[in-house]
Trainee: 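Have a look at this one before I ask anything.
FYI, side chains are in, hydrogens and waters are out, and symmetry mates aren't considered; it's all heavy atoms of this structure. Just follow the structure's listing: the first ligand is 1, and inside any ligand the first atom is 1. None of the values given here were measured: they were computed from a predicted structure.
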Amino acid sequence: MFKVSKKLNLLPPYLFLEIDKAKRKARAEGRDIIDLGIGDPDQPTPDYVIDALNKAVEDPANYRYALDQGMPVLRYAIAAWYKRRFNLVLNPDTEILPLIGSKEGIAHFPLAFINPGDFALVPDPCYPPYKGGVILAGGKVHLMPLLEANNFLPDLKRIPFLTRKKAKIIFVNYPNNPTNACASDEFYAELIDFAKKNKIIIISDVAYSEMAYDGYKPRSLLEFPGAKDLVIEFHSLSKIYNMTGWRVGWACGNPTIVAALAKVKSNIDSGIFSAVQLAGVAALNGDQHFVQDMCQLYQERRDILCSGLNSLGWKLNKPKATFYLWINTPGKVDSISFAARLLKEADIVATPGVGFGRYGEGYIRMALTVNKERIKEALIRLKKIT
Ligand SMILES: *Cc1c(COP(=O)(O)O)cnc(C)c1O
């Protein structure tokens, strides 16, 4: 009787719900499932953050509607973190906007700049809200394939002339989910040049900037000359401090672009629970050894899983960043069939690459979100079926 909107019909199907269903069914059958499917940290949020939340929850001043542009104390903590981490100075009043998790800001962002028929340049494979946000804003998605031959960087030279002219925004995400690729300085410089020439806003999603190994330190796009004119960067506490469920992130960069997103949001939400904002302040200001220890933990898991898979003949490089392995399916099997086989024969959940877009076909993603013993068990099971 009720027809959903055309935009809703245009949204790609959410493959991950199907995987979740299959996983739950397998668990209900009593099978011992090793879940390498979801990019959600398995470790707890640090104690000092939880203590800050508990304290803030006691104070009734925190129970009221929050300011939708975020508490000043949070914006100042973000600015100080940016200064320490990237040596960049941001104005906490005009260049920083707290978000109810960065997904929220990313998905709402196209509403600020996309008119019907405008193009958005979107990497494929990618984090799903990039496409979803553009479609819900009435824009058209132009896919930029991320191919192994180009180190999973978009080939900007291949974007057709007319598309460049109609494009308003371009998404980049390095370190990358799902491919774990990292951006070179040359690529970032080329990207800024491209965007400037074509008057395109760059949306840089750096959710994994702190999850890097072997001494590698991912950069902020805002560090590059000229970036402040056209970049909005999205960060999140989710992966840095194991706070995915808490919902805190932020956007920062060009003040006019940040203000446009703030205007969209002021019509949609009423800010982040103040107690959660204060916990976010504690996370950013606290002892950052926590982050080093977390990287150490993922690095050990990475080494075990990569070496183990390589000894089974899978041929993969160790990622420099993120907690994902992006793995070619053997024998050119399609990714959904291969993931189904892993679940059926080895009780292992991995994510089919095609769930991130058509150029993810031929790959599966494994997340390093189970402990070393479980990774070793997964390797024993994989040895039996390969
Ligand atoms: C996990 C993740 C985020 C963070 O999302 P939140 O909404 O802040 O939890 C953003 N971008 C990518 C690519 C991610 O994988």
Trainee: Starting from atom 9 (O) of ligand 1, what is the nearest protein heavy atom, named by residue and atom, and what distance separates them?
Mentor: S238 OG, 2.6 Å
Trainee: Give, for atom CG of L222 and atom OH of Y188, the distance between the pair rounded to the nearest 0.5 Å.
Mentor: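 Answer rounded to 0.5 Å: 10.0 Å.
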Trainee: Can you check whether Y130 has an N/O within less than 3.5 Å of an N/O in ligand 1?
Mentor: no
Trainee: With a heavy-atom distance limit of 4.0 Å, tell me whether A207 approaches ligand 1 through its side chain, its backbone, both, or neither.
Mentor: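 Side chain only; the backbone of A207 stays clear of ligand 1.
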Trainee: Which is it for F234 and ligand 1 at heavy atoms under 4.0 Å: side chain, backbone, both or neither?
Mentor: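 Within the 4.0 Å criterion, F234 makes no contact with ligand 1.
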Trainee: Could you tell me the separation between the CG atom of N91 and the SG atom of C252, rounded to the nearest 0.5 Å?
Mentor: 12.0 Å
Trainee: Salt bridge or not for D42 and R374, using N-O below 4.0 Å?
Mentor: no
Trainee: Let me confirm one number: the CZ-CD distance from F323 to Q299, rounded to the nearest 0.5 Å.
Mentor: 15.5 Å
Trainee: If you measure from atom 7 (O) of ligand 1 to every heavy atom of K239, R247, E104, which option wins on shortest distance?
Mentor: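 Answer by nearest heavy atom: R247.
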Trainee: Enter the distance from I336:CD1 to T351:OG1 here, rounded to the nearest 0.5 Å.
Mentor: 11.5 Å
Trainee: Pull out every atom of ligand 1 sitting under 4.0 Å from any heavy atom of G101, numbered as shown with elements.
Mentor: 7 (O), 8 (O)
Trainee: Return the closest protein heavy atom for atom 11 (N) of ligand 1 as residue, atom name and distance.
Mentor: D205 OD2, 2.6 Å
Trainee: Has K320 got its NZ or CZ under 6.0 Å from the middle of the six-membered ring of Y216, at an angle within 45 degrees of the ring axis?
Mentor: yes
Trainee: Looking only at protein heavy atoms, identify the closest one to atom 4 (C) of ligand 1 and say how far it is in Å.
Mentor: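 Heavy-atom neighbour on the protein nearest atom 4 (C) of ligand 1: S102 OG, 3.4 Å.
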Trainee: When the ring planes of F290 and Y241 are compared, do they come out parallel, tilted or perpendicular, using 30° and 60° as the limits?
Mentor: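 F290 and Y241: parallel rings.
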Trainee: In this structure, which one of Y174, F234, Y324 forms a ring-ring contact (aromatic ring centres under 6.0 Å, His included) with Y208?
Mentor: Y324
Trainee: Tell me which protein heavy atom sits closest to atom 8 (O) of ligand 1, plus the residue, atom name and distance to 0.1 Å.
Mentor: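 It is S236 OG, 2.6 Å.
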Trainee: Once you restrict to heavy atoms under 4.0 Å, what part of N173 touches ligand 1? Side chain, backbone, both or neither.
Mentor: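 Just the side chain.
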Trainee: Looking only at protein heavy atoms, which one is nearest to atom 15 (O) of ligand 1, and what is the separation?
Mentor: Y208 OH, 2.6 Å
